[in-house]
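One structure is given below, encoded as structure tokens.
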There are 2 protein chains.
Amino acid sequence: MDARQLKERVRNTGLRFTKIRESLLELLLESGAPLSAPALLGLLHAKGITVNKTTIYRELDALGQRQIIRQVQLGGRAAQYEIIASDHHHHLVCLECKKVEDVDMLKDLDQEEKKITASTQFTVTSHSLEFYGICKGCKTTI
Amino acid sequence: MDARQLKERVRNTGLRFTKIRESLLELLLESGAPLSAPALLGLLHAKGITVNKTTIYRELDALGQRQIIRQVQLGGRAAQYEIIASDHHHHLVCLECKKVEDVDMLKDLDQEEKKITASTQFTVTSHSLEFYGICKGCKTTI
DNA sequence: TGACAAATGCAACTAAGTTGCAATAAGATA
DNA sequence: TATCTTATTGCAACTTAGTTGCATTTGTCA
């Protein structure tokens with residue numbers, strides 16, 4: 001998933017390709033981990049792009065509805081967002097510094113989803129798996 | 001894990017056994033799913049127990065530090081809390097009504113934790129797995 | 001019972017997220 | 001290119017979740 005593909009994907013949903021939207025998606029694409037609304041706001045301002053927080057929330061909502069990004073819950077007060085890429089991955093959340101890293105999927109959980117759907121009255125459509133612990137940086141400083 | 005065992009566990013950590021603490025733990029124990037601070041506040045008031053929100057947050061923090069309860073992130077604005085029981089389980093989160101059900105662990109993820117710890121610089125200490133989909137109740141009403 | 005720490009309430013605060021309304025700008029079309 | 005429609009944006013005011021400092025009350029143990 002590169003910037004060009006993403007641009008195409010956004011256009012196909014009928015969304016206009018604005019400066020703010022472009023920069024926001026760029027930030028999410030370049031970041032190796034999910035970002036929160038306040039974080040995105042700060043990063044955009046640091047880039048010299050003045051944008052209101054209302055815009056950010058509406059933007060995240062619009063992109064979420066179109067399945068371009070997804071909200072992930074990783075602890076901390078603010079929700080975080082990531083691009084929905086073809087490669088499925090999970091998260092490593094550091095309990096010390098709260099930083100999040102992506103980790104490629106080790107084990108296939110599709111079978112588990114099917115088992116639950118078959119044995120309960122709950123139809124599973126997706127899942128999310130987070131591992132908590134201490135990251136490299138925090139181990140050396142403690 | 002019954003109320004008596006829980007009471008013992010609380011006492012062993014040096015915490016006093018107050019009416020508020022007792023009722024709060026009772027609610028978490030009886031509920032088959034995690035509860036948020038605002039939800040607990042409402043349930044306690046409904047029970048006729050007047051309690052300030054500051055107390056709830058401090059209570060949840062105190063119990064969390066003593067490993068009696070744990071915070072879980074399941075979407076929605078408020079964090080949710082559950083008793084740490086001996087049986088490990090995961091969550092089924094309904095995307096429609098946002099209700100959460102517990103589901104017994106199907107697959108052991110300890111091996112995955114070890115693999116990550118061995119192959120990366122990140123030391124995994126725990127994990128959390130959520131399945132998203134549509135619950136029984138919401139399927140019939142849609 | 002008395003002392004001391006734990007527990008609680010209150011008020012005032014911060015931070016995340018939402019809503020309504022008015023102004024602006026993207027981009028399709030003529 | 002000028003115009004029109006609609007998406008996008010900003011602003012202000014709001015709600016909700018969660019926090020902090022300080023004063024008061026209450027368990028528990030000697």
Side-chain angles (χ1 to χ4, degrees), chain A residues 7-27 34-45 47-66 68-82 98 100, chain B residues 7-27 34-45 47-66 68-82 98 100:
Chain A
K7 184 165 181 173
E8 200 51 42
R9 218 166 130 199
V10 170
R11 280 208 183 283
N12 287 342
T13 65
L15 288 177
R16 290 175 186 168
F17 207 70
T18 63
K19 184 71 198 160
I20 291 175
R21 181 162 295 146
E22 181 177 14
S23 308
L24 191 150
L25 285 169
E26 210 172 272
L27 284 171
L35 295 171
S36 68
L40 284 164
L41 201 57
L43 290 168
L44 286 170
H45 281 162
K47 269 190 162 188
I49 299 165
T50 50
V51 53
N52 191 276
K53 67 171 176 171
T54 309
T55 304
I56 295 290
Y57 284 110
R58 281 198 282 236
E59 194 53 41
L60 292 170
D61 187 55
L63 293 171
Q65 278 184 24
R66 286 163 180 81
I68 293 167
I69 64 171
R70 109 167 36 93
Q71 200 188 93
V72 290
Q73 301 292 332
L74 303 166
R77 274 214 248 176
Q80 301 191 262
Y81 301 82
E82 64 182 13
K98 312 297 175 196
V100 180
Chain B
K7 185 165 180 174
E8 199 52 41
R9 219 167 129 198
V10 169
R11 280 207 183 283
N12 287 341
T13 64
L15 288 178
R16 290 176 186 168
F17 207 70
T18 64
K19 184 72 199 160
I20 291 174
R21 180 162 295 146
E22 183 177 12
S23 309
L24 191 150
L25 285 169
E26 211 172 90
L27 285 171
L35 295 170
S36 69
L40 284 165
L41 202 54
L43 289 169
L44 286 171
H45 282 161
K47 270 191 162 189
I49 299 164
T50 50
V51 53
N52 191 274
K53 67 170 176 170
T54 309
T55 303
I56 296 291
Y57 285 109
R58 280 197 283 234
E59 195 52 40
L60 292 170
D61 187 55
L63 294 171
Q65 278 185 25
R66 286 161 181 82
I68 292 167
I69 63 172
R70 112 172 28 98
Q71 201 188 94
V72 289
Q73 301 293 331
L74 303 167
R77 272 215 249 173
Q80 302 191 263
Y81 301 82
E82 65 182 13
K98 312 294 175 197
V100 180

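Chain A is the first sequence line, chain B the second, and so forth, proteins listed ahead of strands; every chain is numbered from 1.
Considering only residues two or more places apart in sequence or on other chains, A:Thr13 meets the side-chain hydrogen bond (donor to acceptor under 3.5 Å, both in side chains) condition with none of them. Under the salt bridge (charged side-chain N to carboxylate O under 4.0 Å, His left out) criterion, B:Lys7 pairs with no residue at all, not counting sequence neighbours.
No engagement by B:Ala62 is indicated, since no non-hydrogen atom pair under 4.0 Å with the nucleic acid exists.
A nucleotide of DNA chain D counts as in contact with chain A when one of its atoms lies under 4.0 Å from a heavy atom; the first and last such, 5' to 3', are D:dT6 to D:dT19.
Taken to the nearest 0.5 Å, the CD1 atom of A:Ile56 stands 12.5 Å off from the CG atom of A:Asp61. Within the model, atoms OG1 of B:Thr55 and CG of B:Leu60 stand 10.5 Å from one another, a figure rounded to the nearest 0.5 Å. To the nearest 0.5 Å, the span separating CD on B:Gln80 from CG on B:Leu74 amounts to 5.0 Å.
Between B:Arg77 atom CZ and C:dT14 atom C1' there is a gap of 14 Å when expressed in whole angstrom units. Rounded to an integer number of Å, the gap from CG of B:Asp61 to P of C:dA6 is 14 Å.
The two residues A:Ile68 and A:Arg9 come nearest to each other via the heavy atoms CA-NH2, 3.8 Å. Across every non-hydrogen atom of B:Pro34 and B:Glu82, the tightest pair is CG-OE1, 3.6 Å. Shown here for A:Glu59 and A:Leu24, the closest heavy-atom pair between the two residues is CG-CD1, 3.7 Å. Between B:Arg16 and B:Arg21 the shortest heavy-atom distance is O-NH1, 2.6 Å. In terms of heavy-atom proximity, B:Val72 sits nearest to B:Tyr81 at CG2-N, 4.5 Å.
Contact check of residues 14-21 of chain B against DNA chain C (heavy atom, cut-off under 4.0 Å) returns B:Leu15, B:Arg16, B:Thr18, B:Ile20, B:Arg21. Contact check of residues 49-59 of chain B against DNA chain D (heavy atom, cut-off under 4.0 Å) returns B:Lys53, B:Thr54, B:Tyr57, B:Arg58.
Each of B:Arg11 and B:Ser36 lies near DNA chain D, and the nucleotide nearest B:Ser36 is the one positioned closer to the 5' end.
Counting heavy atoms from C-beta on, the side chains of A:Leu40 and A:Val51 never come closer than 4.5 Å. Side-chain contact between B:Leu27 and B:Lys47 is present, with heavy atoms from C-beta onward closer than 4.5 Å.
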Apply the test side chain to side chain contact (heavy atoms under 4.5 Å, CB included) to residues A:Leu63 and A:Leu15: give CA-CA distance (whole Å), side-chain angles for both, the deciding distance (0.1 Å), then the verdict. CA-CA 9 Å; A:Leu63 293 171; A:Leu15 288 177; 3.9 Å; yes
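Axis orientation changes by 30° from one end of the helix from C:dT1-D:dA30 to C:dA30-D:dT1 to the other, with each end axis drawn from 5 pairs and the value rounded to 10°.
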